[in-house]
Amino acid sequence: MKPEILNKIGQKLVIGFPGTTVSRELEELIYQYRFGNIILFRENLVDEGQTKQLIKDLNRIIISATGHRPLISIDQEGGSVTRLPVDSLNIPGQMALACARDLTAVEDFNYMNGRILLDFGFSLNLAPVLDINSEADNPIIGSRSFGDLPEIVELYGKAAIAGLKRSGILCSAKHFPGHGDTKVDSHLGLPVVDFPRNDLNHRELLPFKMAVREKIPAIMTTHILFPQVEEKRIPATMSRTILTDILRKEMKYEGLIISDCMEMKAIQDFYGTAYGVKEAFKAGVDLCFVSHTPSLAVESINLVYKSVLSGEICQDELTQSLNRIYQAKSKVNRFIKPIDESEKTLYSTSIEHYMPKTFVFKNASSDDTSNSLTDFPINSHTVFIGPKPFQTSNVTNINNGELSIAKRLALTFGATDMLFDGRNINDTDIQNIVKTAEEKSSVVLCLYNAYMYEGQKALWKALRKIRKPMLLVALRSPYDFMFLEKREQGICIFEYTEKAIAALISCLKGENIPSGTVPVNLPYRTL
């Protein structure tokens, strides 16, 4: 292979790998194929020291192999989508922050997020999410969105972008032109959004138009079919109409266009990763992510190399794309003052104190969402019921070492706990839980996206029949509030993490009041 062509193609790929160190095999691949950029996930990161050393090693090797600094990227949205080690500072998620109705806080927390990432050595954060979650049954966006109205997403998205840019890190709006109105997860299938172009203009595209005005460094594409915009049966990531004609020419976007992971099933199962990468480059993508499997990155680079030699990929456009990549790399603030212990303490305290402001309390007997929990009876005769920690999608993460929320709450209040499998609770488990609950004075039922799991809804329905005072704790999504009936109360904490559980305990003890307001419509549904 010609080194000058290989160097160009390698700059346009972002690869991931298994493990927590740079293996000899990975180092050899970087030198051989000139891979110029990296994405890291929770499984790559152990603690602060290891993470900083890994990034230092990657920088050294890639600079030596390519002559350019890499973009080291991460999905650090906050809340349930975080990649930093569990001992790090992770900010609340987007919908949680929107619940607090505080634009200054959204900007400040995202500034904090960027500062933390730069301190580790990252250069590109794949956030914020600018999808409008207009579909309540969306399995992949949900509480990752700021809300279900374009004006809400635009307003809070602008504040998030301002905070990240102020920190000095590169950031990326996602998922263009919108992943909010689908019931299919593109990690698992190929979604279709069958809207006329005019509908996209007046809804999905509005937050991205704002991001273009704010000169966001990068915009990430989505692997969704838009048949009324793109006639060919190809997703937005592979559509020249959507990326070059609309985003580049009509919206006049000058920053990086980057892909979502090309190993997601929407690409891999329907088109193949390597073919998808080639077509994405032809459509106008600057950086393609092959986020997990180095061998697929090698397959992709070989196919793209042939396409460059044959002229299928335009040399002029390749040069323009490389210029955008080099320009973005030059803008990363690499000389930021390291975060010292006092600043870490300040950030940690800020997050801890702010959490209850993002929580939402719901009393189904009224429209009041600001009531306290002081009237709900919690004592040693309460039973706390909850799922074991589990992963609901490829973008969320879970630390299996954490105590279950039910056990954590039971230990705190000297009460009983009952655990269940949140993905697949069976009838026997439900019967045992109900039998225990019948002997108790009150029930605290913790659910995780119950609207997506029939077993969790069946458990809730069975517990209703014993007519004990019951408090619902929604661990991820406020959409579980759709099933609340009269005399039922709920609190949404948005993330199944230790810091959220600690803040919940402070609310249950009456030390703090959950004061957030849900930024989405919650139509009533029956179990």
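Predicted, not measured: the structure shown is a model, and the values here were computed from it. Any value given below was found using the heavy atoms of this structure, including those in side chains, with hydrogens, waters and symmetry copies removed.
- To the nearest 0.5 Å, atom CD1 of residue I15 and atom CD of residue E263 are 10.5 Å apart.
- I74 pairs with exactly one of L117, I55, I38, L40 by the side chain to side chain contact (heavy atoms under 4.5 Å, CB included) rule, that one being L117.
- Taking all atoms of both residues into account, the shortest heavy-atom contact from D286 to S321 is OD1-OG, 2.7 Å.
- Salt bridge status for E312 with K282: present, with a side-chain N to carboxylate O gap under 4.0 Å.
- In this pair, F122 and F120 present their aromatic rings tilted. The plane angle is within the 30 to 60° band.
- Classification of K232 and E279 as a salt-bridged pair fails, no side-chain N sitting under 4.0 Å from a carboxylate O.
- Looking only at distances, no side-chain donor or acceptor of Y271 sits under 3.5 Å from a matching main-chain atom of A274.
- Residue K407 places its NZ atom among 12 or fewer non-hydrogen atoms of other residues, nucleotides or ligands, all under 6.0 Å distant.
- Under a 3.5 Å cut-off, the side chain of Y275 and the backbone N or O of S300 do not form any donor-acceptor pair.
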### Task
Evaluate the side chain to side chain donor-acceptor pair (under 3.5 Å) criterion for residues Q327 and N323: first the C-alpha distance (whole Å), next the side-chain angles of each, then the deciding distance (0.1 Å), finally the verdict.
CA-CA 6 Å; Q327 186 178 30; N323 288 337; over 6 Å; no
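- Within the structure, ring-ring contact (aromatic ring centres under 6.0 Å, His included) contacts touching residues 283-322 (residues at least two apart or in different chains) are F41-H292.
- Using modelled atom types, one side-chain atom of T182 and one backbone atom of V184 make a donor-acceptor pair closer than 3.5 Å.
- Between the side chain of T319 and the backbone N or O of Q315, at least one donor-acceptor pair lies under 3.5 Å.
- When all heavy atoms of T237 and L243 are compared, the pair lying nearest together is O-CD1, 3.5 Å.
- Looking only at distances, no side-chain donor or acceptor of T244 sits under 3.5 Å from a matching main-chain atom of T241.
- Counting only heavy atoms from C-beta outward, the side chains of Q50 and D47 approach each other to under 4.5 Å.
- The backbone N or O of A450 sits less than 3.5 Å from a side-chain atom of D480, completing a donor-acceptor pair.
- The nearest pair of heavy atoms linking R144 to R476 is CG-NH2, 3.8 Å.
- For the pair E317 and R240, the salt-bridge criterion is met [side-chain N within less than 4.0 Å of a carboxylate O].
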### Residue pair I501, T497: steps toward the side chain to side chain contact (heavy atoms under 4.5 Å, CB included) verdict
CA-CA 6 Å; I501 295 171; T497 61; over 6 Å; no
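- The distance from atom CD of E154 to atom CG of L206, rounded to the nearest 0.5 Å, is 6.0 Å.
- A heavy-atom distance below 4.5 Å is not found between the side chains of C171 and L124.
- The CZ atom of F176 sits 6.5 Å away from atom CD1 of I219, with the distance rounded to the nearest 0.5 Å.
- Using a distance-only test at 3.5 Å, with no hydrogens or angles considered, a donor-acceptor pair links the side chain of T66 to the main chain of I62.
- Side-chain contact between I61 and Y31: present, with at least one pair of heavy atoms (C-beta onward) separated by less than 4.5 Å.
- With a 6.0 Å radius and a threshold of 12 heavy atoms from other residues, nucleotides or ligands, R166 has its CZ atom above the threshold.
- Note on R248 versus E254: no salt bridge recorded, every NZ/NE/NH1/NH2 to OD/OE distance being 4.0 Å or above.
- Two residues are said to be in side-chain contact when any heavy atoms from C-beta on lie closer than 4.5 Å; I140 and H179 meet this criterion.
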### Message
If you apply the rule salt bridge (charged side-chain N to carboxylate O under 4.0 Å, His left out), what do you find for K174 with E77, and how did you get there?
### Response
CA-CA 11 Å; K174 59 187 185 186; E77 298 170 14; 2.8 Å; yes
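- Remark: K165 NZ to K331 NZ distance equals 8.0 Å, nearest 0.5 Å.
- Here CG of L170 is found 6.5 Å from OG of S123. Values are rounded to the nearest 0.5 Å.
- P235 is not listed as a side-chain neighbour of T222, based on a closest heavy-atom distance of 4.5 Å or more.
- Judged purely by atom type and a 3.5 angstrom limit, N138 has no side-chain atom pairing as donor or acceptor with the backbone of N133.
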### Task
Would you please test T20 and L54 for side chain to side chain contact (heavy atoms under 4.5 Å, CB included) and show each step?
CA-CA 7 Å; T20 57; L54 175 61; 5.7 Å; no
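- Tested against H175 for a side chain to side chain contact (heavy atoms under 4.5 Å, CB included), the candidates T221, I141, I224 yield a single pass: I141.
- Y453 places no side-chain N or O within donor-acceptor distance of the main-chain N or O of I425, the cut-off being under 3.5 Å.
- Counting only distance, with no hydrogens or angles, the side chain of E135 and the backbone of D137 share a donor-acceptor pair below 3.5 Å.
- Considering only heavy atoms from C-beta on, N59 comes within 4.5 Å of R69 through its side chain.
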### Intermediate values then yes/no, side chain to side chain donor-acceptor pair (under 3.5 Å), N90 and Q76
CA-CA 8 Å; N90 292 305; Q76 188 70 8; 2.5 Å; yes
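- We find the NZ-CG distance between K252 and L247 to be 12.0 Å, quoted to the nearest 0.5 Å.
- Taking every heavy atom of both residues into account, G168 and L118 meet most closely at C-CD1, 3.7 Å.
- Side chains of I405 and L504 form a contact here, defined as non-hydrogen atoms less than 4.5 Å apart.
- In terms of heavy atoms, V129 sits closest to S145 at CG1-CA, 4.4 Å.
- Of all the heavy atoms in N44 and I39, the pair that sits closest is OD1-O, 4.4 Å.
- Considering only heavy atoms from C-beta on, I493 comes within 4.5 Å of L475 through its side chain.
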### Message
For a side chain to side chain contact (heavy atoms under 4.5 Å, CB included) check, start with the C-alpha distance between L89 and M112, then their side-chain angles and the critical distance, and finish with the verdict.
### Response
CA-CA 9 Å; L89 299 174; M112 185 189 306; 5.7 Å; no
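- If you check the side chains of D108 and Y347, you find no donor sitting under 3.5 Å from an acceptor.
- A donor-acceptor contact closer than 3.5 angstrom links the side chains of S134 and D181.
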### Message
Set out, in order, the CA-CA distance, both residues' side-chain angles and the distance that settles side chain to side chain contact (heavy atoms under 4.5 Å, CB included) for Q456 and F420, then state yes or no.
### Response
CA-CA 9 Å; Q456 292 189 46; F420 63 87; 4.0 Å; yes
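- A cation-pi arrangement is present between K12 and F281 under the rule of less than 6.0 angstrom and at most 45 degrees off the ring axis.
- Y354 has its ring centre less than 6.0 Å from the ring centre of F109.
- Taking 4.0 Å as the cut-off between side-chain N and carboxylate O, K52 and D119 count as a salt-bridged pair.
- A salt bridge is absent between E343 and K337; no separation between the charged side-chain nitrogens and carboxylate oxygens falls under 4.0 Å.
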